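Structure first, commentary second.
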Amino acid sequence: MDARLNYFAGPNPGKALKYFMSAGKALKEAPLPAATQELVALRVSQINGCAVCIDMHTKEAAAAGEAPVRLNLVAAWREATVFTEAERVALELAEQGTRVADAAGGVGDEVWARAAEHYDEEQLTALVMLVSFMNAVNRLNIITQQPAGDYEVGQFH
């Protein structure tokens, strides 16, 4: 499958995307644990069906030492025993923040309060921005049918 668009073909879209993606790089430097970031990015991408992002975040997490069993259980995190309480609430916040169009009401007060027990304000800000960023990236990729499977670790660093 070929992508519908090459975002870097024209100078203006390429420039805009470069700035947009620099936000993602800045989020990597946030004080949110790297494992949590990859798990959240993977879960948001699974919900949205963004194959290229699933490919990328699975490979990046594995290269960073994430256990295969945890990666395989992200989609079923509620029933899995391999995630910390902090990771579980981050995944729940990510799901609720991603499913806002499903009449789910957004992130509930209970989930927010539990997240605030595990993450400070700077980490919560990073978590909210990561969920929002991943939803935007997923949509860019899905609309243009970016193909998955060929991602190489570190390709966009």
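Heads up: numbering here begins at 1 and tracks the sequence. Computed from a predicted structure; not experimentally measured.
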(request) Measure the spacing between CG of Leu39 and CG of Leu91 and express it to the nearest 0.5 Å. (result) 6.0 Å

(request) Kindly compute the distance separating CG (Asn72) from CD (Glu66), expressed to the nearest 0.5 Å. (result) 10.5 Å

(request) Compare every heavy atom of Val100 with every heavy atom of Gly106, then report the nearest pair and how far apart it is. (result) CA-CG1, 3.8 Å

(message) Exactly one of Ile54, Asn138, Val137 should register a side-chain contact (heavy atoms from CB on, under 4.5 Å) with Asn48. Which one does?
(response) Asn138

(message) Quick check: do Phe83 and Leu73 have side-chain heavy atoms less than 4.5 Å from each other?
(response) yes

(message) Show the nearest heavy-atom pair for residues Pro31 and Gln123, with the distance to one decimal.
(response) O-NE2, 3.0 Å

(message) Given 3.5 Å as the limit, does a donor-acceptor pair link the side chain of Asp120 with the main chain of Glu122, or not?
(response) yes

(request) State the CD-SG distance between Glu60 and Cys53, to the nearest 0.5 angstrom. (result) 11.5 Å

(message) Using the side chain to side chain contact (heavy atoms under 4.5 Å, CB included) criterion, which residues pair with Ala115? Sequence neighbours excluded.
(response) Val89, Leu93, Leu124

(message) Donor-acceptor pair, distance only, cut-off 3.5 Å: does the side chain of Gln145 make one with the backbone of Ala3?
(response) no

(request) Look at the side-chain heavy atoms of Ile, Leu, Val, Met, Phe, Trp and Tyr, link any pair under 4.5 Å apart, and say whether Val40 and Val111 land in one connected group. (result) yes

(message) Using the rule salt bridge (Lys or Arg N to Asp or Glu O under 4.0 Å), only one of Arg78, Arg114, Arg70 pairs with Glu87; which is it?
(response) Arg70

(request) Considering non-hydrogen atoms only, spot the tightest contact between Ala90 and Tyr119 and give its length. (result) CB-OH, 3.6 Å

(request) Taking the side chain as every heavy atom from C-beta outward, state whether Gln146 and Cys50 have any atom pair closer than 4.5 Å. (result) no

(request) Drop me the distance from Asn12's CG to Leu17's CG, to the nearest 0.5 angstrom. (result) 12.5 Å

(message) Does atom CD (Glu117) have a neighbourhood of more than 12 heavy atoms from anything else shown, all under 6.0 Å?
(response) yes

(request) Kindly indicate whether the side chain of His57, heavy atoms from C-beta on, has any atom under 4.5 Å from the side chain of Gln37. (result) no

(request) Treat each ILVMFWY residue as a node, draw an edge where side-chain heavy atoms are under 4.5 Å apart, and state whether Leu130 and Val128 are in one component. (result) yes

(request) Could you tell me whether Arg88 and Glu92 have a side-chain N and a carboxylate O separated by less than 4.0 Å? (result) no

(message) Starting from Leu140, can I reach Met129 by hopping between I/L/V/M/F/W/Y residues whose side chains sit under 4.5 Å apart?
(response) yes

(message) Between Thr36 and Leu32 (side chain of the first, backbone of the second, donor and acceptor by atom type, cut-off under 3.5 Å), is there such a pair?
(response) no

(message) Are Val69 and Val74 connected into the same hydrophobic cluster when the rule is that any two of I, L, V, M, F, W, Y join if their side-chain heavy atoms are below 4.5 Å apart?
(response) yes

(request) Among residues two or more places apart or on two chains, list those pairs meeting ring-ring contact (aromatic ring centres under 6.0 Å, His included) that have a residue in residues 17-44. (result) Phe20-Phe133

(request) Name all residues meeting the side chain to side chain contact (heavy atoms under 4.5 Å, CB included) criterion together with Ala63; count only those two or more places apart in sequence or in a different chain, and write none if there are none. (result) Val153

(message) Return the OG1 to CZ distance between Thr144 and Arg139, rounded to the nearest 0.5 Å.
(response) 13.0 Å

(request) Taking side chain to side chain contact (heavy atoms under 4.5 Å, CB included) as the test, write out the residues that go with Ala62, two or more places apart. (result) Leu71

(request) Give the cluster check for Ile142 versus Val131: same hydrophobic cluster or not, with ILVMFWY residues linked at side-chain heavy-atom distances below 4.5 Å. (result) no

(message) Show me the pairs that pass salt bridge (Lys or Arg N to Asp or Glu O under 4.0 Å) and involve residues 31-56, at least two apart or across chains.
(response) Lys28-Glu38, Arg43-Glu95, Asp55-Lys59

(message) According to side-chain hydrogen bond (donor to acceptor under 3.5 Å, both in side chains), who are the partners of Gln96, at least two apart in sequence or on a separate chain?
(response) none

